[in-house]
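Have a look at the structure below before the remarks.
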Amino acid sequence: MLSIYNTLTGKKEPYHSLQPKTVRMYVCGVTVYDYCHLGHARSALVFDMIRRYLEYSGYTVKFVKNFTDVDDKIIKRANEQGVSCEEITFKYTQAYYEDMAKLGILPASKEPKATEHMEDIKTLIDKLVKKDIAYQVDGDVYFQVERYPAYGRLSKRRLNDMQAGARVEVDERKRHPMDFALWKSSKPGEPSWESPWGAGRPGWHIECSAMSMRHLGETFDIHGGGMDLIFPHHENEIAQSCGATGKEFARYWIHNGFVQINQEKMSKSLGNFFTIREIFEKSPWPQEETGEMLRYFLLGTHYRSPLDFSDQSLQEAKNALDGFYDLFQRLSETEQRTTCDGELVSTVDRARMAYSQPLDDDFNTPMALAVIQNLRGNVNRLLEQGLSTESRQRARAAFREFGNVLGLFQLVKWQFYQVTLKGFEEVPVRGVEQARVKEVLSETDVEIKLTERNEARKQKNFKKADEIRQFLASHGIVIEDKPDGTSRWKR
RNA sequence: GGCGCCGUACCCAAGUGGUUAAGGGAGCAGUCUGCAAAACUGCGAUGCAGCGGUUCGACCCCGCUCGGCGCCUCCA
């Protein structure tokens, strides 16, 4: 039985879909005016995991994630660079897809754009104006918060409290300082669409209401996003949507915590952010592995907690992951003994049950990882006592199955033979000492040396064997001798 | 000023009103190994920021204090 922490009620609640076996879920995506940073990655990854787990649990998931492609920031960026808004949004939408692919984040089932939903947006605003919940001032349309009595129920704020704290200049034309724009008249040169209120563009919040209702219906199951969207974005979405339809909007509100650097929120204004591509570029490890390291790191903390990013944390994730892939290598080797084949089956079954328990409890991925870590230990033990080739494949398949929910353990090659490092002079690793790789040895080079060494070992020439080991080690090659006299190696 | 979050071993990080406070990383010791690596085994918080309170019993509930952070303005 899945339960989810619902921001709306402030409690963990049993989850029930409105339609049986189907989840309709909307997540606020990004405004495409710049490269994504790690914070965006976390949010995307958290909801990707939730989506995957829901599917793993047998639900069909209608997952909608939007792109905001009309916005002040886009206009500003376009003006700065002297290019059109379309060029900006196209460029960063492409970049988004590239970054997400590297992180192993699956595309949503629908990825709508605000600019493609102008009719829906205008219809929705019109409805609010007709119901007298929104009002027009010159070419702008505002939502009147006092006309929605439940305003503040998501963020647990009262209108009066907020009024006291408001320290921005209030537009005198607004009836209440918290009233927000549904439609903004456009200045010359800005993107604009015709409307009953004049040429203009939609406010930020209305697009999500329009797009979610278009693709998921007026009432749907889950709405998610980063913590910082609770107010005002999601609060306003609720007001607009419920105001327009008179029905409940989203039923479960899920919000992920921030990525921090040294205990502080990662943000543009603080200048302490890392873009996703920057992390990949600076990583001394190949792309697939860096992606997996990031996922392991990001899912190692519960989605609602803040999490601090550092190079050390990434390295720790890699070390933890290495243990798995070392095991997977051994599982790929053949074996006749069947001593523990029976026990393996029950071990995997037990793990399967233990696995979904924490994930059912508000998506507790750290605990789920602990279950998989336990399974790793158990399989290692059984492996030592004897697991047949078939059982080894079964074990590997189990890791694939569990790992798929978290986007882990899907690689066929990690290290052991196939890996090539990128960049070979000096690879700076922030915070840690410099990783240095002197020169590249090709796989053939390594194989030749290895054969040479095993010859030497056969002849008990351990001095020579150790020299070769040392030589290879100085080139970042680690040798593992197997009981049968042959060796495996990894970089 | 309003609303809210966090403080668990060297580091990361789960968790429960009452059996031994998960798991990982790092470290140490041992087994194995020609050596090594990997793997396995063992060690590691008598305590969960501090102080009070509720309770038969609290790390977990309540209050206060200290420390750190977030939202209230665009923000994942």
Side-chain angles (χ1 to χ4, degrees), chain A residues 7 10 27-31 33-34 36-47 68 71-73 76 152 155-169 178 204 224-233 235 255-260 262-270 273 296-297 300-302 304-308 310 312-313 315-323 326-327 329-330 354 358 361 364-374 376-377 379-381 383-385 416 457 460-463 465-466 469-470 473 478-483 487-490:
Chain A
T7 309
V27 171
C28 290
V30 292
T31 301
Y33 77 105
D34 206 345
C36 289
H37 63 227
L38 234 206
H40 299 107
R42 184 183 192 193
S43 185
L45 179 63
V46 161
F47 290 101
T68 297
D71 180 85
D72 291 348
K73 293 192 291 291
K76 187 171 167 235
S155 55
K156 316 279 185 281
R157 292 153 208 259
R158 281 167 303 179
L159 234 28
N160 293 341
D161 295 339
M162 289 188 280
Q163 208 175 346
R167 44 189 153 83
V168 241
E169 265 184 66
M178 295 309 293
W204 176 35
M227 287 259 163
D228 46 358
L229 296 183
I230 294 173
F231 190 89
H233 186 53
E235 193 67 66
H255 294 96
N256 66 276
F258 296 127
V259 175
Q260 309 183 144
N262 295 324
Q263 313 289 311
E264 278 184 321
K265 177 182 173 180
M266 180 186 288
S267 74
K268 300 252 159 113
S269 49
L270 286 167
F273 62 93
Y296 192 96
F297 158 67
T301 299
H302 185 83
R304 282 191 282 120
S305 302
L307 128 169
D308 228 278
S310 66
Q312 189 195 328
S313 58
Q315 184 60 45
E316 283 186 9
K318 188 208 177 321
N319 292 348
L321 241 14
D322 277 348
D326 283 355
L327 168 62
Q329 167 59 26
R330 271 170 267 128
D361 184 10
N364 191 333
T365 52
M367 214 180 188
L369 283 173
V371 171
I372 303 181
Q373 286 286 3
N374 278 320
R376 180 176 71 91
V379 171
N380 265 319
R381 227 164 289 129
L383 194 62
E384 233 166 42
Q385 294 168 50
F416 290 110
R457 286 172 70 215
K460 306 279 184 208
N461 186 351
F462 296 123
K463 185 167 178 289
D466 287 347
R469 174 192 288 288
Q470 212 163 26
V478 178
I479 301 167
E480 288 186 17
D481 292 334
K482 297 198 274 187
S487 311
R488 60 172 89 95
W489 62 275
K490 61 180 173 180

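Residue numbering restarts at 1 for every chain, and letters A, B, ... go by the order of the sequence lines.
When heavy atoms are screened at a 4.0 angstrom cut-off, Arg304(A) is found touching no nucleic acid atom at all. Counting any heavy atom pair closer than 4.0 Å across all strands shown, His255(A) reaches no nucleic acid atom. Residue contacts shown for Asn256(A) include a base, since a base heavy atom lies under 4.0 Å away. Contact annotation for Gly152(A): no contact, since no heavy-atom pair falls under 4.0 Å across all strands. Phe462(A) comes within contact range of at least one nucleobase, with a heavy-atom separation under 4.0 Å. Looking at heavy-atom distances under 4.0 Å, Ser313(A) makes no contact with the nucleic acid at all. Counting non-hydrogen atoms under 4.0 angstrom, Gly300(A) reaches the backbone sugars and phosphates but no base. At the heavy-atom level, Met227(A) lies nowhere under 4.0 Å from the strands shown. Contacts of Val259(A) with the nucleic acid, taken as non-hydrogen atoms under 4.0 Å apart, include base atoms. Residue contacts for Gln373(A): at a heavy-atom cut-off of 4.0 Å it reaches the sugar-phosphate backbone alone, with no base atom in range.
With values rounded to the nearest 0.5 angstrom, Leu45(A) atom CG is found 10.0 Å from Leu38(A) atom CG. Atom CE of Met178(A) and atom CZ of Phe231(A) lie 3.5 Å apart (nearest 0.5 Å). Here the CZ-CG distance, from Arg42(A) to Leu307(A), works out to 4.5 Å after rounding to the nearest 0.5 Å. Atoms CG and CD, from Asp326(A) and Glu480(A) in turn, are 6.0 Å apart once rounded to the nearest 0.5 Å.
With hydrogens and angles left out, the side chain of Glu316(A) and the base of G24(B) share a donor-acceptor pair within 3.5 Å. Looking at Asp228(A), its side chain has no donor and acceptor atom pair within 3.5 Å of the base of C74(B). For C35(B), its base sits under 3.5 Å from the side chain of Arg469(A) at one donor and acceptor pair at least. The base of G34(B) is paired with the side chain of Asp466(A) by a donor and an acceptor separated by under 3.5 Å.
Phe258(A) places its CZ atom 10 Å from the C1' atom of C69(B), with the value rounded to the nearest Å. Regarding Arg488(A), its CZ atom lies at a distance of 14 Å from the P atom of A37(B), rounded to whole Å. At whole-Å resolution of the value, NZ in Lys482(A) and P in A37(B) are 19 Å apart. Atom pair Leu307(A):CG and C69(B):P shows a separation of 17 Å (rounding to whole Å applied). In this structure, the CG atom of Asn319(A) is 17 Å from the P atom of C11(B), given to the nearest Å. What separates CG of Leu229(A) from P of C74(B) is a distance of 12 Å, to the nearest Å. Computed from coordinates, the Asp326(A) CG to G25(B) P distance equals 11 Å when rounded to whole Å. Rounded to whole Å, atom P of A14(B) lies 7 Å from atom CG of Asn364(A).
Pair assignment for G70(B) gives C3(B), based on Watson-Crick or G-U wobble hydrogen-bonding distances that are each under 3.5 Å. For C61(B), the paired base is G53(B) (Watson-Crick or G-U wobble, both distances below 3.5 Å). Nucleotide U16(B): unpaired (no Watson-Crick or G-U wobble partner with both distances less than 3.5 Å). Across every strand in view, G27(B) sits in a pair with C43(B) that passes the Watson-Crick or G-U test at under 3.5 angstrom.
Between Arg376(A) and A39(B) there is a side-chain polar atom (N or O) within less than 4.0 angstrom of OP1 or OP2. Neither OP1 nor OP2 of C71(B) sits under 4.0 Å from any side-chain N or O of Lys156(A). When the side-chain nitrogen and oxygen atoms of Arg381(A) are compared with OP1 and OP2 of U41(B), one or more of them lie within a distance under 4.0 Å. The phosphate of A22(B) (OP1 or OP2) has no side-chain N or O of Asn374(A) nearer than 4.0 angstrom. Applying the 4.0 Å criterion to OP1 and OP2 of A14(B), one finds that Ser305(A) has a side-chain N or O inside that range.
Using a cut-off of 4.0 Å between Lys/Arg side-chain N and Asp/Glu carboxylate O, Asp34(A) and Lys73(A) are scored as not salt-bridged.
Of the two residues near RNA chain B, Val478(A) and Asp361(A), the one whose nearest nucleotide lies more 5' is Asp361(A). Residue whose closest nucleotide on RNA chain B sits further toward the 5' end, between Asn380(A) and Leu369(A): Leu369(A).
Donor-acceptor pairing under 3.5 Å is lacking for the side chains of Asn380(A) and Glu384(A).
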